[in-house]
Amino acid sequence: MYRTRPGGRPQLSDPLDTAYPHYVLLELAATGPVDLAEMLDALLARGMDDDLVLDGVLASSESQSQRLWQFRESMLEGQQQRGEHLRTDISVPTSALAGFAEAASQAVGAYSPDSTIIAYGHVGDGNLHFNVLPPATLTEPQKKALLHDIETALFEVVDRFNGSISAEHGIGRTKQAAYLARTSEVERELLAGLKQLLDPDQLMSMGRILPDPRAS
């Protein structure tokens with residue numbers, strides 16, 4: 001889980017004594033005669049020996065586990081409380097995840113060093129929600145304009161890292177223009193053909209991913 005500042009509910013206190021730039025929330029499960037505790041101890045020991053892990057905390061009960069998961073589950077709530085913000089759903093090759101996070105942070109800083117980056121996701125599959133909270137002092141129109149420019153800059157970084165602008169939540173209408181700018185005419189014709197084949201009466205989700213042909 002990547003994030004530049006602690007997020008989520010105000011009543012959640014940091015379980016570690018020191019704040020770090022990056023955190024990993026890890027939960028293990030297995031069936032059969034597998035000693036997960038031993039495996040985790042070995043993993044953490046190796047990570048610390050290699051200076052990849054600096055600190056950590058282990059949940060010793062279900063309630064402690066749930067409290068740690070609240071950090072992840074309350075991310076969305078915390079961002080919504082800040083009002084207008086940018087939410088992304090990008091993916092890059094897992095080997096490029098750290099490099100992308102650094103480059104994306106630099107891109108955001110170039111536009112607005114006072115914006116807050118809340119970046120978190122799925123380390124195992126390269127899916128990252130690189131979200132941005134604009135300065136609270138801006139007006140709503142100023143926030144919208146700034147976030148539009150930041151999204152454009154972020155998607156350009158995604159392109160440099162051979163990633164995707166949508167990993168799990170789809171294109172919809174809000175990312176349609178950015179998606180179409182990244183697809184060829186042949187790809188768009190193929191998509192339209194599949195849409196016509198599966199939905200000849202054009203009843204399902206018109207105007208999402210591809211423009212509504214009835215509007216032209």
Side-chain angles (χ1 to χ4, degrees), residues 1-5 7 20-27 43 46-47 50-54 71-72 75-76 79 84-113 115-134 143-198 205 207-212:
M1 176 175 66
Y2 286 82
R3 54 195 177 96
T4 56
R5 297 183 184 178
Y20 295 95
H22 306 112
Y23 296 80
V24 175
L25 181 61
L26 177 65
E27 180 173 307
L43 174 65
R46 179 174 179 180
D50 294 341
D51 291 329
L52 298 175
V53 178
L54 302 179
F71 282 96
R72 172 62 177 88
M75 285 287 191
L76 181 57
Q79 292 166 83
E84 187 76 24
H85 62 281
L86 173 65
R87 296 173 59 191
T88 70
D89 174 40
I90 63 91
S91 66
V92 295
T94 53
S95 60
L97 193 58
F100 170 83
E102 181 177 355
S105 297
Q106 292 174 353
V108 172
Y111 272 96
S112 178
S115 290
T116 299
I117 297 172
I118 306 290
Y120 55 95
H122 319 162
V123 174
D125 62 12
N127 178 202
L128 187 65
H129 303 295
F130 197 95
N131 302 341
V132 180
L133 309 181
K143 290 179 181 179
K144 289 182 181 294
L146 173 64
L147 294 178
H148 177 272
D149 291 341
I150 288 177
E151 182 181 63
T152 299
L154 283 177
F155 286 172
E156 290 175 354
V157 178
V158 172
D159 293 339
R160 295 208 316 263
F161 281 82
N162 297 316
S164 170
I165 64 171
S166 179
E168 62 172 339
H169 295 303
I171 299 298
R173 291 189 175 93
T174 59
K175 291 183 173 61
Q176 185 184 85
Y179 171 73
L180 294 177
R182 289 164 173 77
T183 57
S184 67
E185 183 177 352
V186 172
E187 289 172 321
R188 292 193 292 273
E189 289 179 354
L190 178 60
L191 287 171
L194 290 172
K195 170 69 172 172
Q196 179 63 31
L197 178 65
L198 299 173
S205 300
R208 292 178 174 84
I209 302 182
L210 295 175
D212 188 343

Q) For S184, does its backbone N or O pair with a side-chain atom of E187 as donor and acceptor, under 3.5 Å? A) yes
Q) Taking only residues two or more places apart in sequence or in another chain, which ones pass salt bridge (Lys or Arg N to Asp or Glu O under 4.0 Å) with E189? A) none
Q. Could you go step by step and tell me if L180 and L210 meet the side-chain contact (heavy atoms from CB on, under 4.5 Å) rule?
A. CA-CA 8 Å; L180 294 177; L210 295 175; 4.0 Å; yes
Q: Can you sort out the partners of S95 under side chain to side chain donor-acceptor pair (under 3.5 Å), two or more places apart, ordered by chain and number?
A: none
Q) Is the count of non-hydrogen atoms from other residues, nucleotides or ligands lying under 6.0 Å from R188 atom CZ greater than 12? A) yes
**Q.** Of all pairs that satisfy ring-ring contact (aromatic ring centres under 6.0 Å, His included), the ones with a partner from residues 85-113, not counting sequence neighbours
**A.** F100-F161
(Q) If I compare all heavy atoms of T88 with all of N131, which pair ends up nearest, and what's the gap? (A) N-OD1, 2.9 Å
Check residues 145-154 and write down every donor-acceptor pair under 3.5 Å in which the side-chain atom is one partner and the other belongs to a residue at least two apart or another chain.
{"residue": "T152", "atom": "OG1", "partner": "H148", "partner atom": "O", "Å": "3.1"}

Q.
In the structure I gave you, are the side-chain heavy atoms of L25 and F71 within less than 4.5 Å of one another anywhere?
A. no
Q) Got a sec, which pairs hit side chain to side chain donor-acceptor pair (under 3.5 Å) with one end in residues 154-175, sequence neighbours left out? A) H129-E168, D159-R182
**Q.** Residues in side chain to side chain donor-acceptor pair (under 3.5 Å) contact with Q176, at least two apart in sequence or another chain
**A.** none
**Q.** Those residues that, when tested against N127, pass side chain to side chain donor-acceptor pair (under 3.5 Å) (two or more places apart)
**A.** D89, H122
Q. With sequence neighbours excluded, what pairs up with L190 under the side-chain contact (heavy atoms from CB on, under 4.5 Å) test?
A. L194
Q: Using side chain to side chain donor-acceptor pair (under 3.5 Å) as the criterion, list what pairs up with E27, not counting sequence neighbours.
A: W69
(Q) Working note: L133 + L86, criterion side-chain contact (heavy atoms from CB on, under 4.5 Å); need CA distance, chi angles, decisive distance, verdict. (A) CA-CA 7 Å; L133 309 181; L86 173 65; over 6 Å; no
